[in-house]
2 protein chains.
Amino acid sequence: MSLTHALLGLLAVEPASGYDLTKEFEQDLGRYAWQAGHTSVYPELVRMAERGLVEVTEEGPRRRRTYSVTSQGREELRKWLLEPWGQGVVRNEQVLRMFLLEALEPEEAAAALRGVIEHAEQGVTQLSAHRAHRAEEPPEGRDVLGQLAAEYGLRQYQAMRDWALWALDHLNQRRTD
Amino acid sequence: MSLTHALLGLLAVEPASGYDLTKEFEQDLGRYAWQAGHTSVYPELVRMAERGLVEVTEEGPRRRRTYSVTSQGREELRKWLLEPWGQGVVRNEQVLRMFLLEALEPEEAAAALRGVIEHAEQGVTQLSAHRAHRAEEPPEGRDVLGQLAAEYGLRQYQAMRDWALWALDHLNQRRTD
DNA sequence: GTTTGACATGTCGAAGTCGACACATGCAGA
DNA sequence: TCTGCATGTGTCGACTTCGACATGTCAAAC
């Protein structure tokens with residue numbers, strides 16, 4: 001299961017509690033790669049502990065339990081990361097919508113595409129500002145993952161914008177045929 | 001549900017059977033936007049027919065049933081497509097793996113990143129060739145969706161490659177600090 | 001002292017997804 | 001003629017995910 005590996009990966013970078021991990025999924029990781037709520041995270045950590053992939057290494061106030069990856073967990077993660085790159089799970093509601101705009105009347109599709117462009121443009125602007133801001137103090141620990149995700153997100157938005165511009169152009173061409 | 005809308009969108013472009021729709025999910029649509037097997041498609045079509053979103057407009061050999069969108073279905077699709085662009089469902093195993101490479105030892109991470117670059121490069125090459133080939137005969141019907149998807153896929157692969165190049169460079173820099 | 005809000009973990013049922021299994025048809029080629 | 005293959009549709013159980021609900025703690029502000 002991918003959730004298992006996502007948790008394994010996060011914990012491999014730095015030990016954390018279910019609460020910390022849940023917040024991670026609300027950041028860039030959840031925005032571009034994999035989503036999970038706390039109702040998935042907590043039970044999964046218990047199952048992973050039972051399988052010996054992780055263990056509780058610290059107990060803090062408010063029942064906080066900090067998990068760390070065991071050597072077995074690290075091995076499982078490594079195995080998964082080094083598998084050949086095939087077709088994995090893909091599920092992206094926004095991209096689905098982009099493709100299906102074709103089903104609208106040309107005028108409405110064009111308007112929606114302009115919406116996509118604006119949305120992507122905003123994403124580019126926001127992440128660029130974020131990057132400039134981060135250049136001053138290099139990230140550590142799990143923040144490095146956040147930086148990787150943010151960089152990817154930036155390129156994603158650029159690709160989305162370029163695609164939408166192309167699609168709009170393409171639509172206009174077909175309209176004037 | 002997104003599956004509902006995916007089917008609605010495909011049928012809005014062109015009436016089709018569950019079998020046709022399933023094949024569509026095996027193409028670019030399933031590769032970049034949304035996956036679904038026939039075991040999800042057939043029951044969903046029945047449910048959608050019960051809700052009045054689609055209807056059987058033709059019965060062919062081998063129990064083939066061709067579905068079409070009803071006006072109610074078209075309205076539902078339109079409503080969904082014109083909703084404001086927020087954060088939808090995102091699930092991408094490959095991207096997840098890309099981010100988590102950070103958890104590997106620098107040497108292994110670098111090797112894996114070079115794998116990503118090669119993989120993305122292949123994707124770019126393949127889709128570019130596909131595009132050149134398609135330039136001769138413009139697509140029709142559902143093929144237009146395929147073209148939109150392929151164009152998007154091409155930009156995706158480029159973004160993936162660029163990201164991986166950046167990440168590799170970034171990794172080397174941190175290694176020599 | 002109490003209220004507010006972030007911290008922190010959990011259950012449970014409904015809904016959605018997936019792989020395994022199942023079965024029947026029409027067509028093309030050996 | 002028969003054999004294989006793509007076509008075409010379906011069920012079922014296991015697993016995953018998600019939202020709603022529930023509970024308690026600690027610190028700071030008021």
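Residue numbers start from 1 in every chain, and the chains themselves are labelled A, B, ... in the order their sequence lines are given, proteins ahead of strands. Reckoned from all heavy atoms, side chains included, excluding hydrogens, waters and symmetry mates.
A tilted orientation is assigned to the rings of A:His119 and B:Trp85, their planes being inclined by 30° to 60°.
Using a 4.0 Å cut-off, some side-chain N or O of A:Arg64 falls inside it from OP1 or OP2 of C:dA8. Phosphate contact (OP1/OP2 of D:dT16, side-chain N/O of A:Arg47, threshold under 4.0 Å): absent. Dashed line: the shortest gap from a side-chain N or O of A:Tyr42 to OP1 or OP2 of C:dT9 is under 4.0 Å.
No chain of hydrophobic side-chain contacts below 4.5 Å, direct or via other Ile, Leu, Val, Met, Phe, Trp or Tyr residues, connects A:Val90 to A:Leu100.
Distance, A:Glu93 CD to C:dT17 C1': 16 Å, rounded to whole Å. What separates CZ of A:Arg51 from C1' of D:dC15 is a distance of 13 Å, to the nearest Å. Rounded to whole angstrom, the span from the CD atom of A:Glu26 across to the P atom of D:dC18 amounts to 13 Å. The interatomic distance linking A:Leu3 (CG) with D:dC15 (P) rounds to 16 Å, in whole Å. Distance, A:Met1 CE to D:dA14 P: 17 Å, rounded to whole Å. Here D:dG19 presents its P atom at 15 Å from CZ of A:Phe25, a figure rounded to the nearest Å. Whole-Å rounding puts the B:Arg65 CZ to C:dA24 P distance at 16 Å. One atom, CG of B:Leu45, and another, C1' of D:dT11, lie 16 Å apart when rounded to the nearest Å.
Listed nucleotides D:dT7, C:dC7, D:dA20 differ in distance to A:Thr39; the shortest reach to its side chain belongs to D:dA20.
B:Arg114 and B:Glu121 are not joined by a salt bridge, as no carboxylate oxygen comes within less than 4.0 angstrom of a charged side-chain nitrogen. By the 4.0 Å N-to-carboxylate-O rule, A:Arg155 lies close enough to A:Glu151 to be salt-bridged with it.
Among the heavy atoms of the strands lying under 4.0 Å from A:Arg91 are primed sugar atoms or P, OP1, OP2 only; no base atom is included.
The environment of A:Glu26 atom CD is dense: over 12 non-hydrogen atoms of other residues, nucleotides or ligands sit within 6.0 angstrom.
Screening residues 36-46 of chain A for salt bridge (charged side-chain N to carboxylate O under 4.0 Å, His left out) gives A:Glu44-A:Arg47 as the qualifying pairs, with residues at least two apart or on separate chains.
Residues of residues 17-24 of chain A having a heavy atom closer than 4.0 Å to DNA chain C, listed by number: A:Ser17, A:Gly18, A:Tyr19.
On a pure distance criterion of 3.5 Å, no polar donor-acceptor pair joins the side chain of B:His38 and the base of D:dG8.
Side chains of B:Thr70 and B:Glu55: no donor on one and acceptor on the other come within 3.5 Å.
Nearest-nucleotide mapping onto DNA chain D: of B:Arg63 and A:Trp34, the residue sitting toward the 5' end is B:Arg63.
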